[in-house]
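Basis for what follows: all heavy atoms, side chains included, without hydrogens, waters or symmetry-related copies. All values reported here derive from a predicted model rather than from experimental measurement.
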Amino acid sequence: MSTSFTKSTARNIFYGGAVFFFLLFVALTFDTVQALPKRDNRANLTEQVARGKNLWEVNNCIGCHTLLGEGAYFAPELGNVYQRRGPEFIKAWIKVQPTGAPGRRQMPNFHLTDAQIDDLVAFLKYSSQINTNNWPPNIEG
């Protein structure tokens, strides 16, 4: 065995493997770059959505919630909350901030205006329309 497996053979296996996996990486990257524009939701990106995303970031919503699987797991996933609950429920929830709901933690009241709440709901609607390949797998997030 030691005579058939030489340094030259090991070097060739290493370089061959490195080239193979580099080409595989390039092919997968190309495939991803080609697929993303078909799956994202850039056609529906509006100023209102941008303002809602800004509110999302300024109020650090991702510090408690997840959005499309990213963020903290302290509060519910909001990637599909627009489809699950609808805009009126979301607006009412943010305005009222019910306390003492069994099995729920209390969300802070950010004292958002009606226009800001509309912007945030527009952002959540936009997020719910992104083709996530059925993520999250649980309808309730």
Side-chain angles (χ1 to χ4, degrees), residues 1-2 4-141:
M1 175 85 179
S2 63
S4 64
F5 191 78
T6 63
K7 286 183 181 181
S8 175
T9 305
R11 184 183 60 239
N12 290 340
I13 290 171
F14 172 77
Y15 286 132
V19 168
F20 171 77
F21 284 108
F22 176 75
L23 291 175
L24 180 64
F25 173 74
V26 169
L28 290 174
T29 301
F30 180 76
D31 179 61
T32 300
V33 168
Q34 295 300 314
L36 281 180
K38 298 171 193 161
R39 295 186 61 178
D40 68 10
N41 196 18
R42 68 180 74 177
N44 295 328
L45 191 58
T46 64
E47 280 296 318
Q48 187 179 29
V49 171
R51 288 191 308 268
K53 183 175 188 313
N54 184 47
L55 281 169
W56 174 268
E57 292 171 350
V58 167
N59 292 305
N60 192 27
C61 299
I62 206 159
C64 295
H65 292 279
T66 54
L67 185 65
L68 306 177
E70 294 292 326
Y73 291 95
F74 186 72
E77 160 74 39
L78 296 181
N80 61 5
V81 71
Y82 189 88
Q83 295 167 339
R84 290 184 288 141
R85 303 287 189 227
E88 297 308 315
F89 177 87
I90 297 168
K91 290 176 188 179
W93 182 270
I94 292 172
K95 285 180 186 177
V96 175
Q97 290 305 305
T99 58
R104 294 230 181 234
R105 298 176 185 103
Q106 178 60 38
M107 183 172 133
N109 192 339
F110 294 107
H111 305 288
L112 300 175
T113 65
D114 288 339
Q116 289 175 321
I117 292 173
D118 289 340
D119 294 344
L120 194 55
V121 169
F123 171 65
L124 292 173
K125 178 182 179 185
Y126 169 83
S127 299
S128 73
Q129 294 172 338
I130 295 172
N131 180 357
T132 60
N133 202 20
N134 298 322
W135 182 263
N138 180 355
I139 188 69
E140 285 297 320

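- Taking the six-membered ring for Trp and thresholds of 30 and 60 degrees, Phe25 and Phe22 have ring planes inclined between 30 and 60 degrees apart.
- The side-chain tip of Arg51 does not point at the ring of Phe123 from less than 6.0 angstrom away and within 45° of straight on.
- Judged purely by atom type and a 3.5 angstrom limit, Glu57 has no side-chain atom pairing as donor or acceptor with the backbone of Asn54.
- A donor-acceptor pair is defined here as one N or O able to donate and one able to accept, closer than 3.5 Å; no such pair exists between the side chain of Asn59 and the backbone of Cys61.
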Problem - salt bridge (Lys or Arg N to Asp or Glu O under 4.0 Å) evaluation trace for Asp114 with Lys95 - result: CA-CA 9 Å; Asp114 288 339; Lys95 285 180 186 177; 3.3 Å; yes

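- Here the side chain of Asn41 pairs a donor or acceptor atom with the backbone of Tyr126 at under 3.5 angstrom.
- A salt bridge links Asp118 and Lys91; the closest N-O separation between the charged side-chain nitrogens and carboxylate oxygens is under 4.0 Å.
- The CG atom of Asn80 lies 10.0 Å from the CG atom of Leu67; values are rounded to the nearest 0.5 Å.
- In this structure, Glu77 contributes its side chain and His65 its backbone to no donor-acceptor pair below 3.5 Å.
- No donor-acceptor pair under 3.5 Å is formed between the side chain of Gln97 and the backbone N or O of Gln106.
- The main-chain N or O of Asn131 is found under 3.5 Å from a side-chain atom of Arg39 such that the two form a donor-acceptor pair.
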Problem - Test log, rule side-chain contact (heavy atoms from CB on, under 4.5 Å), inputs Ile62 and Asn60 - result: CA-CA 5 Å; Ile62 206 159; Asn60 192 27; 3.9 Å; yes

Practice task
Mind running side-chain hydrogen bond (donor to acceptor under 3.5 Å, both in side chains) on Thr6 and Thr9 for me, showing each step along the way?
Solution key: CA-CA 5 Å; Thr6 63; Thr9 305; 3.2 Å; yes

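- For the pair Thr113 (side chain) and Gln116 (backbone), a donor-acceptor distance under 3.5 Å is present.
- Two residues are said to be in side-chain contact when any heavy atoms from C-beta on lie closer than 4.5 Å; Val26 and Leu28 fail this criterion.
- Counting only heavy atoms from C-beta outward, the side chains of Phe89 and Arg84 never approach each other to under 4.5 Å.
- At least one side-chain heavy atom of Phe5 sits under 4.5 Å from a side-chain heavy atom of Ile13.
- Looking at every heavy atom in both residues, Ala72 comes nearest to Gly63 through CB-O, 3.0 Å.
- When side chains are defined from C-beta on, Val49 does not count as touching Asn44, because their heavy atoms never get closer than 4.5 Å.
- Note that the CD atom of Gln48 and the CG atom of Leu120 stand 10.0 Å from one another [nearest 0.5 Å].
- With values rounded to the nearest 0.5 angstrom, Ile90 atom CD1 is found 11.0 Å from Lys125 atom NZ.
- Taking 4.5 Å as the limit, some side-chain heavy atom of Trp93 sits within range of a side-chain heavy atom of Met107.
- When every heavy atom of Gln83 is checked against every heavy atom of Ser128, the shortest pair comes out as NE2-O, 3.2 Å.
- Judged by distance alone, with hydrogens and angles left aside, the side-chain atoms of Tyr82 form no donor-acceptor pair with the main-chain N or O of Leu78 at under 3.5 Å.
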